[in-house]
Trainee: 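Before I ask anything, here is the structure I am working with.
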2 protein chains.
Amino acid sequence: MTTDPRVQRTQQRLRQALAELVLQQGYESISIRELAAQAGVGYATFFRHYPSKDALLLDLLQRSIQEMARLLPPGLDADPAEEGRLIFVHAAQHQQLYRILLSGGGALALLEEVQAAAVAEVMRRFGRQTAPAIPLEILAHHLVAATIALIGWWLQHDQPYPPPRMGQIYAELIMRPFLALVGQERG
Amino acid sequence: MTTDPRVQRTQQRLRQALAELVLQQGYESISIRELAAQAGVGYATFFRHYPSKDALLLDLLQRSIQEMARLLPPGLDADPAEEGRLIFVHAAQHQQLYRILLSGGGALALLEEVQAAAVAEVMRRFGRQTAPAIPLEILAHHLVAATIALIGWWLQHDQPYPPPRMGQIYAELIMRPFLALVGQERG
DNA sequence: TGTTTTATGATACACCGTGTATCATAACTT
DNA sequence: AAGTTATGATACACGGTGTATCATAAAACA
């Protein structure tokens with residue numbers, strides 16, 4: 001683990017630069033030379049930290065996802081609507097990144113990674129329930145995919161409902177059927 | 001409209017070559033030089049027919065989808081599990097097409113078109129139900145997105161369950177909660 | 001504080017893919 | 001048979017990627 005301030009500073013600048021450029025011109029058209037210039041960093045320096053533009057984006061997105069994970073403590077299962085509300089508040093705050101992730105532009109592999117991580121998390125969280133009628137792996141994948149799709153719809157339609165309403169919808173449309181199928185009602 | 005046999009032959013070869021290379025190495029890594037070589041066609045000739053690799057893929061997929069649409073059976077509503085089974089049988093039969101579509105390689109616009117058409121179809125089919133607690137547009141989008149995601153999971157995991165089983169899962173995981181929320185039980 | 005280690009900036013370079021231009025030749029049309 | 005058009009081959013400019021090198025600045029260490 002590196003604690004060198006120079007490393008931290010450079011990586012921070014690169015992430016910051018990517019976030020800025022994405023807002024200005026989207027993701028695909030950004031070149032690494034452009035990125036380094038925006039970050040005030042040498043071109044070759046980029047490759048000393050990230051093997052590709054996608055890797056940098058992945059880092060940026062993973063930090064955002066981790067931040068969301070911190071917003072969703074385990075005890076929140078009790079209130080799905082509130083959990084959903086927090087998800088959509090976070091999505092609105094980081095909508096430019098979510099748009100990249102969901103538009104699939106260059107971040108397709110990244111979306112799959114994020115999705116796989118989320119599926120693993122769900123399976124960890126509900127793996128001790130009574131064996132469901134539908135394979136848990138499918139249930140987990142469905143939960144994650146449906147949530148991502150709902151966020152994508154909401155952002156692409158310019159947030160036509162406020163986060164509390166979306167939280168309710170998330171709870172009724174996604175979480176309640178999921179909990180019913182995962183055997184939660186027996187616990 | 002060009003009827004010149006040379007044009008037809010060249011375009012056919014390019015589409016064929018793309019289909020072959022996609023199966024071998026995916027979409028992204030294919031270069032236009034590679035494509036032209038596989039097609040047995042000059043490099044510059046490619047640009048005389050398609051402005052980009054994406055345009056060629058779009059042409060290929062549109063033709064395949066038109067062919068698929070002609071084979072799709074008309075109305076079958078009564079049995080969700082049977083409807084689901086047919087969906088997965090069809091997905092298995094056209095899996096290479098579905099894989100390209102779902103992997104999103106340059107075909108995102110087309111996937112969105114297909115999705116939008118499916119959403120419209122769902123809304124037309126359930127638009128006369130009693131007003132649901134959740135906006136019908138969201139319900140329809142969720143239904144389509146969840147179905148596509150389930151097909152994608154199934155294909156990417158090499159069809160670990162047979163179509164009848166997937167049809168049951170589709171009915172329980174997707175269709176039953178959808179029908180409950182759309183107010184079907186009152187009809 | 002002085003020394004060592006390491007990250008950075010600047011630059012040059014090879015490599016690859018794209019898209020355009022050119023022209024002789026082959027294939028098609030009438 | 002004569003005219004038209006698509007093709008193949010080739011060359012080229014352009015831009016982006018990833019690597020190598022080296023002097024310098026910054027951090028860590030003693």
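Everything quoted here is computed from the prediction, not taken from an experiment. Values below: every heavy atom of this structure, side chains too, minus hydrogens, waters and symmetry copies. Note on naming: letters A, B, ... go to the chains in the order of the sequence lines (proteins, then strands), and numbering restarts at 1 for each one.
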Trainee: OP1 or OP2 of D:dG8 versus the side-chain N and O atoms of B:Thr45: is any pair under 4.0 Å?
Mentor: yes
Trainee: Picking from D:dA27, D:dG8, C:dC28, which would you name as closest to the side chain of B:Val41?
Mentor: D:dG8
Trainee: Would you mind telling me which of C:dG19, D:dA6, D:dG18 lies closest to the side-chain atoms of B:Val7?
Mentor: D:dA6
Trainee: Can you get from B:Leu58 to B:Val7 by hopping between Ile, Leu, Val, Met, Phe, Trp and Tyr side chains that sit under 4.5 Å apart?
Mentor: no
Trainee: What is the separation between atom CD1 on A:Ile32 and atom P on C:dG9, rounded to the nearest whole Å?
Mentor: 15 Å
Trainee: Starting from C1' on C:dG19, measure out to OH on B:Tyr50 and report it in whole angstrom.
Mentor: 18 Å
Trainee: Rounded to whole Å, how long is the line connecting atom CG of B:Leu14 with atom P of D:dA6?
Mentor: 15 Å
Trainee: Tell me the interatomic distance from A:Leu35, atom CG, to D:dG18, atom C1', rounded to whole angstroms.
Mentor: 15 Å
Trainee: Can you pull the side chain to side chain donor-acceptor pair (under 3.5 Å) pairs that have at least one residue in residues 37-47 of chain A, sequence neighbours excluded?
Mentor: A:Glu20-A:Gln38, A:Thr45-A:Arg48
Trainee: Where do A:Gln159 and A:Ala92 come nearest, in terms of heavy atoms and distance?
Mentor: OE1-CB, 3.9 Å
Trainee: Polar atom pairs between nucleotides 2-5 of chain D and protein, under 3.5 Å, N or O only, would you list them?
Mentor:
unit_1: D:dT5; atom_1: O2; unit_2: B:Arg6; atom_2: NH1; d: 3.0
unit_1: D:dT5; atom_1: O2; unit_2: B:Arg6; atom_2: NH2; d: 3.4

Trainee: State which residues pass side-chain hydrogen bond (donor to acceptor under 3.5 Å, both in side chains) with B:Glu137; sequence neighbours excluded, sorted by chain then number.
Mentor: A:His157
Trainee: Could you write out DNA chain C as dot-bracket? Rules: Watson-Crick or G-U wobble, both distances under 3.5 Å, brackets [ ] for crossings, | for pairs with another strand, dot for unpaired.
Mentor: ||||||||||||||||||||||||||||||
Trainee: Which donor-acceptor pairs under 3.5 Å do side chains of residues 168-178 of chain B form with protein atoms, sequence neighbours excluded?
Mentor:
unit_1: B:Gln168; atom_1: OE1; unit_2: B:Arg165; atom_2: NH1; d: 3.4
unit_1: B:Tyr170; atom_1: OH; unit_2: B:Glu83; atom_2: OE1; d: 3.1

Trainee: Verify, without hydrogens or angle tests, whether A:Lys53 (side chain) and A:Leu18 (backbone) share a donor-acceptor contact under 3.5 angstrom.
Mentor: no
Trainee: Could you tell me the separation between the CG atom of A:Leu56 and the P atom of D:dG18, rounded to a whole number of Å?
Mentor: 13 Å
Trainee: Do B:Trp153 and B:Leu102 make a side-chain contact, defined as non-hydrogen atoms from C-beta onward lying under 4.5 Å apart?
Mentor: no
Trainee: Atom pairs, N/O to N/O, protein against nucleotides 21-23 of chain D, distance under 3.5 Å?
Mentor:
unit_1: D:dT21; atom_1: O4; unit_2: A:Arg48; atom_2: NH2; d: 3.4

Trainee: Could you tell me the separation between the CZ atom of A:Phe46 and the P atom of C:dT8, rounded to a whole number of Å?
Mentor: 13 Å
Trainee: Could you grab the distance from atom CG of B:Leu60 to atom CG of B:Leu14, nearest 0.5 Å is fine?
Mentor: 11.0 Å
Trainee: Name the nucleic acid region contacted by B:Thr10, choosing base, sugar-phosphate or nothing; use a 4.0 angstrom heavy-atom cut-off, strictly under.
Mentor: sugar-phosphate
Trainee: Let me know the distance between CZ of A:Phe47 and P of D:dG18, rounded to the nearest Å.
Mentor: 5 Å
Trainee: Tell me, do B:Pro163 and B:His90 make a side-chain contact under 4.5 Å, heavy atoms counted?
Mentor: no
Trainee: Report yes or no: does B:Arg99 contribute a side-chain atom to a donor-acceptor pair with the main-chain N or O of B:Leu155 at less than 3.5 Å?
Mentor: yes
Trainee: Using the ring pair (Phe, Tyr, Trp, His ring centres under 6.0 Å) definition, which of the options A:Tyr98, A:Phe88, A:Tyr161 pairs with A:Trp154?
Mentor: A:Phe88
Trainee: Rounding to a whole Å, what distance do you find between B:Tyr27:OH and C:dG17:P?
Mentor: 15 Å
Trainee: Between B:Arg9 and D:dT7, is there a side-chain N or O to OP1/OP2 distance below 4.0 Å?
Mentor: no
Trainee: Decide whether A:Phe47 and A:Leu56 are clustered together by the hydrophobic rule: side chain heavy atoms of Ile, Leu, Val, Met, Phe, Trp, Tyr closer than 4.5 Å, transitively.
Mentor: yes
Trainee: For A:Tyr43 and B:His49, find the nucleotide of DNA chain D closest to each by heavy atoms; which residue's nucleotide sits nearer the 5' end?
Mentor: B:His49
